[in-house]
**Student:** 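This is the structure I have questions about; it appears just below.
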Amino acid sequence: MNYSQTIIIGAGAAGLFCASQLGKANQQVTILDNGKKIGRKILMSGGGFCNFTNLDVTPQHYLSQNPHFVKSALARFTQWDFIALVAEYDIPYHEKELGQLFCDNSAEDIVNMLQTECDKYQVNIQLRQQIEHIEKLEGNSKARFQLQSNGQIWQCENLVIATGGLSMPALSATPFGYQIAEQFGLNVIAPRASLVPFTWRETDKFYTALSGISLPVCVTAKCGKSFSNNLLFTHRGISGPAILQISNYWQPNESLEIDLLPAENIQDFLNKLRQSSPKLHLKTALSRLLPQKLVELWLSQNLIQEEVLANLSKVRLQNLENLIHHWQFQPNGTEGYRTAEVTMGGVDTQEISSKTMESHKVKGLYFIGEVLDVTGWLGGYNFQWAWSSAYACASGI
Ligand code: FDA
């Protein structure tokens, strides 16, 4: 029989940070993880450079059915607290855009920092663990939970679930956290892939010819939320930061409105140009503002005509306005968990204390990080949630 005051399941961002904070407070803590390495999503994150937080973090950067839930944890462990830790370890970093902070060298710097913090405070990390069974112990003993992992029995007073979401099943993502929540009678909001690219419908597949082309757009979801950033055409559909961001606000079967030229008014541009250069071909005029391949594709699909600007009728101008500023993109769906950065939904935050991350129903049971129904925007917000919720939990134990 093994005993640990606290057992954390999951050696990802939230689990490792929570363990180091508990260790720092002289608590005995063990992490059990099913993988063969710690922090594998951190290593893959930010293209290998880990966008570990953002200079501008507010509750408005998060989605949850209970939008006030994040406030307390974000206020108690802020981006500045994490930046101070990164600075303490002399990890070089830079701001890429929009306040997003990335490592200069490698995401490994963040994993090594968390590993060193855990080692410093004697955190016991057990990898390749298959957890078979968890039960609540009744009676007066200190131990509240018993679990079986790799055939061994463990008991603990506090059990912290930090198993993340379902994205990237290749990195051993599992629904384990949701199953534990359900086992103990906690509500789980149906999970779905998010921060995820969209796929083409059959009728739009001609756009695959544009694969690899990127352009600045403004994309708007049916709920009215908009993001201005780049769109990337891929052979499966559309991706890029603007598209990943809007996927947090998209509901299945809805269309998205995309402005392919947010910095210009196409009618004004063409009307002015028509006066100075009436013989200029529409294709040439459009190619001054948009990728030439896109203009040629529209021509080949008869979405625009081969004509000179002098011949552009009012109706054709309006059609161009619709095509360029109001593209109604109807996704076939998303690429799903295979490429999604996060999972929306998860353990219902109404079930959890926003101060300590402890379940209201089950004393000693905590949920932190992405397993909860909290989803951040793209840009370091999901890691900040992992750090902040982990800190709140460690302070509450
Ligand atoms: P996380 O997924 O990190 O850890 C969960 C741990 O639990 C894993 O170690 C897993 O093996 C373990 N586990 C799961 N099931 C288990 C079981 N049954 N038994 C035992 N252990 C189990 N965010 C951001 O802010 N900036 C960024 O740059 C990026 N980039 C990025 C790139 C890619 C490719 C992805 C997929 C995701 C991102 N993210 C991101 C999102 C970010 O990685 C994510 O939100 C955090 O890692 C969540 O931290 P958690 O600790 O909650 O889960």
Side-chain angles (χ1 to χ4, degrees), residues 7-19 30-54 57 61-62 79 82 93 96 98-103 107 110-111 114 125-134 147-150 154 159-180 193-197 239 241 244 248 335-344 346-347 357 366-390 393:
I7 290 181
I8 299 177
I9 303 182
L16 290 167
F17 191 58
C18 185
T30 299
I31 308 184
L32 304 177
D33 192 284
N34 60 353
K36 47 181 191 281
K37 250 179 164 180
I38 64 165
R40 278 171 306 162
K41 263 190 200 160
I42 305 176
L43 290 172
M44 281 196 70
S45 68
F49 293 93
C50 186
N51 178 194
F52 54 83
T53 190
N54 195 292
V57 177
H61 291 105
Y62 293 88
Q79 68 275 38
F82 196 76
Y93 64 88
K96 195 171 164 199
L98 306 169
Q100 301 166 5
L101 300 188
F102 285 78
C103 296
I110 300 292
V111 176
L114 295 169
I125 302 180
Q126 301 281 329
L127 299 173
R128 295 187 163 98
Q129 295 293 312
Q130 288 307 318
I131 299 158
E132 293 126 29
H133 181 69
I134 295 186
L147 51 93
Q148 192 172 329
S149 181
N150 289 4
W154 289 83
L159 181 62
V160 181
I161 309 296
T163 45
L166 294 174
S167 55
M168 302 262 163
L171 295 184
S172 352
T174 70
F176 186 80
Y178 311 137
Q179 288 161 357
I180 295 304
S194 207
L195 294 183
V196 64
S239 184
L244 299 183
N248 272 349
E335 286 193 9
Y337 292 119
R338 195 181 55 81
T339 58
E341 278 202 11
V342 290
T343 303
M344 282 200 94
V347 177
M357 306 292 138
Y366 298 78
F367 292 84
I368 57 173
E370 202 183 311
V371 72
L372 284 164
D373 169 37
V374 171
T375 304
W377 287 15
L378 187 78
Y381 298 102
N382 286 295
F383 278 136
Q384 186 58 45
W385 174 246
W387 319 133
S388 296
S389 58
C393 172

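Each ligand, and each atom within it, is numbered from 1 in the order the structure gives. These numbers come from the heavy atoms of this one structure, side chains and all, not from hydrogens, waters or symmetry mates.
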**Student:** Does Tyr381 approach ligand 1 within less than 4.0 angstrom via side chain, backbone, both or neither, non-hydrogen atoms only?
**Tutor:**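 The backbone, only.
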**Student:** Gly10 heavy atoms, cut-off 4.0 Å: which ligand 1 atoms fall inside?
**Tutor:**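 Once the distances to Gly10 are compared, the set is 6 (C), 7 (O), 12 (C).
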**Student:** Should Thr174 be counted as touching ligand 1, given the test is an N or O pair under 3.5 Å?
**Tutor:**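 Yes, since at least one N or O of Thr174 sits under 3.5 Å from an N or O of ligand 1.
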**Student:** Where does Ala11 meet ligand 1, judged by heavy-atom distances below 4.0 Å: at the side chain, the backbone, both, or neither?
**Tutor:** backbone
**Student:** Side chain, backbone, both or neither: which part of Gln384 has a heavy atom under 4.0 Å from ligand 1?
**Tutor:** neither
**Student:** To the nearest 0.5 Å, how far apart are CZ in Phe367 and CG in Leu159?
**Tutor:** 8.0 Å
**Student:** Under 4.0 Å from any heavy atom of Arg40, which atoms of ligand 1 are there?
**Tutor:**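 Once the distances to Arg40 are compared, the set is 11 (O).
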**Student:** Check each heavy atom of Phe176 against ligand 1 and say whether those closer than 4.0 Å belong to the side chain, the backbone, both or neither.
**Tutor:** side chain
**Student:** Roughly how far, to the nearest 0.5 Å, is the CD1 atom of Ile8 from the OH atom of Tyr366?
**Tutor:** 11.0 Å
**Student:** For ligand 1, indicate whether the residue Thr53 contacts it via side chain, backbone, both or neither (heavy-atom separation under 4.0 Å).
**Tutor:** neither
**Student:** Please answer whether the main-chain N or O of Gln100 pairs with a side-chain N or O of Asn51 as donor and acceptor at a distance below 3.5 Å.
**Tutor:** no
**Student:** Are the side chain of Lys41 and the backbone of Leu171 linked by a donor-acceptor contact shorter than 3.5 Å?
**Tutor:**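 Such a contact is absent between Lys41 side chain and Leu171 backbone.
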**Student:** What is the closest protein heavy atom to atom 21 (N) of ligand 1, and at what distance does it sit?
**Tutor:** Asn34 N, 3.1 Å
**Student:** Determine, stepwise, if the pair Tyr93 / Phe52 fulfils ring pair (Phe, Tyr, Trp, His ring centres under 6.0 Å).
**Tutor:** CA-CA 10 Å; Tyr93 64 88; Phe52 54 83; 5.6 Å; yes
**Student:** What atoms in ligand 1 come closer than 4.0 Å to a heavy atom of Met168?
**Tutor:** 34 (C), 36 (C)
**Student:** When you measure from atom 53 (O) of ligand 1 to each heavy atom in Ala13, Ser45, Gly164, Ala386, which option holds the nearest one?
**Tutor:** Gly164
**Student:** Which of the atoms in ligand 1, numbered in the order shown and given with their element, are less than 4.0 Å from a heavy-atom of Asn382?
**Tutor:**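 Answer for ligand 1: 23 (N), 25 (O), 45 (O).
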**Student:** Is a side-chain donor or acceptor of Asn248 paired with a backbone partner of Ser194 at a separation under 3.5 angstrom?
**Tutor:**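 Side chain of Asn248 to backbone of Ser194: no pair is present.
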**Student:** Near Asn51, which atoms of ligand 1 are under 4.0 Å from a heavy atom of that residue?
**Tutor:** 24 (C), 25 (O), 26 (N), 27 (C), 28 (O)
**Student:** Decide yes or no for Met168 and Arg40: does some side-chain heavy atom of the first lie under 4.5 Å from some side-chain heavy atom of the second?
**Tutor:** no
**Student:** Compute the ring centroids of Phe383 and Trp387, then answer whether they are less than 6.0 Å apart.
**Tutor:** yes
**Student:** Counting from 1, what ligand 1 atoms have a heavy atom of Gly12 closer than 4.0 Å?
**Tutor:**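 Contacts of ligand 1 toward Gly12, numbered from 1: 3 (O), 4 (O), 6 (C), 9 (O), 51 (O).
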**Student:** Regarding atom 31 (C) of ligand 1: of the candidates Glu341, Gln126, Glu370, Arg128, which has the closest heavy atom?
**Tutor:** Glu341
**Student:** Atoms of ligand 1 less than 4.0 Å from Ala162 heavy atoms?
**Tutor:**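 Under 4.0 Å from Ala162, ligand 1 has these atoms: 5 (C), 6 (C), 7 (O).
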**Student:** Got an N/O contact under 3.5 Å between Gly46 and ligand 1?
**Tutor:**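 Such a contact does occur with ligand 1.
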**Student:** Closer than 3.5 angstrom, by distance alone: can the side chain of Tyr62 be matched with the main-chain N or O of Tyr381 as a donor-acceptor pair?
**Tutor:**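 Side chain of Tyr62 to backbone of Tyr381: a pair is present.
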**Student:** Give me the residue, atom name and distance of the protein heavy atom closest to atom 46 (C) of ligand 1.
**Tutor:** Phe383 CE2, 3.6 Å
**Student:** Would you mind checking which non-hydrogen protein atom is closest to atom 51 (O) of ligand 1, with the distance to 0.1 Å?
**Tutor:** Ala14 N, 2.8 Å
**Student:** Which residue owns the protein heavy atom closest to atom 14 (C) of ligand 1, what's the atom, and how far is it?
**Tutor:** Thr163 O, 3.5 Å
**Student:** Counting heavy atoms only, which of Asp33, Leu372, Ile180 comes nearest to atom 10 (C) of ligand 1?
**Tutor:** Asp33
**Student:** Under the 3.5 angstrom rule, does the side chain of Asn382 hit a backbone N or O of Val342 as a donor-acceptor pair?
**Tutor:** no
**Student:** Counting only N and O atoms by type, is there a donor-acceptor contact under 3.5 Å from the side chain of Asn150 to the main-chain atoms of Arg128?
**Tutor:**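 The answer is yes, because a donor-acceptor pair under 3.5 Å joins these two groups.
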**Student:** Is there a side-chain contact (heavy atoms from CB on, under 4.5 Å) between Val374 and Ser389 once you walk through the steps?
**Tutor:** CA-CA 10 Å; Val374 171; Ser389 58; over 6 Å; no
**Student:** Check whether any side-chain N or O of Thr343 sits under 3.5 Å from a backbone N or O of Leu166 as a donor-acceptor pair, and report yes or no.
**Tutor:**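 It does hold such a pair.
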**Student:** Check whether any heavy atom of Ala173 sits under 4.0 Å from an atom of ligand 1.
**Tutor:** no
**Student:** By number and element, which atoms of ligand 1 are closer than 4.0 Å to a non-hydrogen atom of Gly369?
**Tutor:** 52 (O)
**Student:** Could you please spell out the steps behind the side chain to side chain donor-acceptor pair (under 3.5 Å) verdict for Gln79 and Gln384?
**Tutor:** CA-CA 7 Å; Gln79 68 275 38; Gln384 186 58 45; 5.5 Å; no
